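Please read the structure below before turning to the comments.
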Amino acid sequence: IFDVAQLAHVEILSPKPEETVKFFNQFLGMEVSEVSGQSVYLRAYEDFYHHTLKVTESREAGLGHVAWRTSSPNALERRVNAIKAAGLGRGWIEGDHGHGEAYQFTTPDGHLMELLWDVEYFRATEDKKTELLNR
């Protein structure tokens with residue numbers, strides 16, 4: 001089955017969001033693509049999407065959710081139907097910054113996941129465009 005194309009993004013929960021964002025910026029070179037409410041959205045230099053990491057303020061550190069992009073709208077429908085049949089589905093959400101509606105579900109061990117198709121692609125400003133011709 002080739003319905004899941006790639007890992008789209010991960011949300012981590014942090015009781016120290018400013019320190020966490022600073023860590024990802026200073027040590028891993030990630031850039032802030034947006035700040036909204038209690039969340040900061042970051043991306044690495046060659047990430048194609050609006051963000052690949054979401055840091056959300058929380059009382060305890062943990063995993064918020066993991067989002068997977070499907071290979072097509074039909075693939076999304078197939079995976080949603082399979083997850084529903086397995087009894088692991090939670091339902092559709094409107095979406096978040098950087099992506100359209102998504103289907104939430106839990107893994108058998110309880111981790112929150114999302115499946116989605118529509119994404120917002122990163123558009124580099126002139127000062128951030130690469131000089132590499134193949135990118």
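If you read the sequence from its start, that first residue is 1, and numbering goes on from there. Please read these numbers as outputs of a predicted model, since none were measured by experiment.
I83 CD1 to M113 CE: the interatomic distance, rounded to the nearest 0.5 Å, is 10.0 Å. Atoms CD and CH2, from E101 and W92 in turn, are 5.0 Å apart once rounded to the nearest 0.5 Å.
A donor-acceptor contact shorter than 3.5 Å is absent between the side chain of N81 and the backbone of R78.
Annotation for S36 and Y41: closest pair CB-CE1, 4.1 Å, computed over non-hydrogen atoms. The two atoms that bring E114 and I93 nearest to each other are OE2-CD1, 3.3 Å, heavy atoms only. Of all the heavy atoms in P15 and A61, the pair that sits closest is CD-N, 3.6 Å. The nearest pair of heavy atoms linking F2 to S71 is O-OG, 3.1 Å.
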Side chains of residues 16-27: which donor-acceptor partners sit under 3.5 Å, not counting sequence neighbours?
from	atom 1	to	atom 2	distance (Å)
T20	OG1	S14	OG	2.7
T20	OG1	K16	O	2.9
N25	ND2	M30	O	2.9

Working for side chain to side chain contact (heavy atoms under 4.5 Å, CB included), residues L116 and L76: CA-CA 7 Å; L116 55 93; L76 175 59; 5.7 Å; no
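Note on L42 and V10: same hydrophobic cluster, where clusters join Ile, Leu, Val, Met, Phe, Trp and Tyr whose side-chain heavy atoms are under 4.5 Å apart, directly or indirectly. Connection of F48 to W117 is not established within any shared hydrophobic cluster, with ILVMFWY side chains joined at heavy-atom distances below 4.5 Å, either directly or through further cluster members. Y45 and L7 are assigned to two separate hydrophobic clusters, defined by single-linkage of ILVMFWY side chains at heavy-atom distances under 4.5 Å. By the rule that hydrophobic residues join a cluster once side-chain heavy atoms approach within less than 4.5 Å of another member, V40 and V66 end up as members of one cluster.
Residues H50 and E34 meet the side-chain proximity criterion, which asks for heavy atoms closer than 4.5 Å. For the pair T106/R90, a side-chain contact is recorded, criterion being any heavy-atom separation below 4.5 Å from C-beta on. Counting heavy atoms from C-beta outward, L53 and I12 have side chains that approach closer than 4.5 Å. Between H9 and H99, some side-chain heavy-atom pair lies under the 4.5 Å cut-off.
D3 and T70 share no donor-acceptor pair across their side chains, judged by distance under 3.5 Å alone. Between the side chains of Q6 and Y49, at least one donor N or O sits under 3.5 Å from an acceptor N or O. In summary, the side chains of N74 and S72 do not present any donor paired with an acceptor at a separation below 3.5 Å, with no hydrogens or angles considered. Between the side chains of T56 and E11, a donor-acceptor pair is found at a separation under 3.5 Å.
For the side-chain contact (heavy atoms from CB on, under 4.5 Å) criterion with Q104, the lone passing option out of L112, L115, L88 is L112.
H65 and H111 have their aromatic ring centers separated by at least 6.0 angstrom.
Partners of D96 under the salt bridge (Lys or Arg N to Asp or Glu O under 4.0 Å) rule, at least two apart in sequence or in another chain, are K54.
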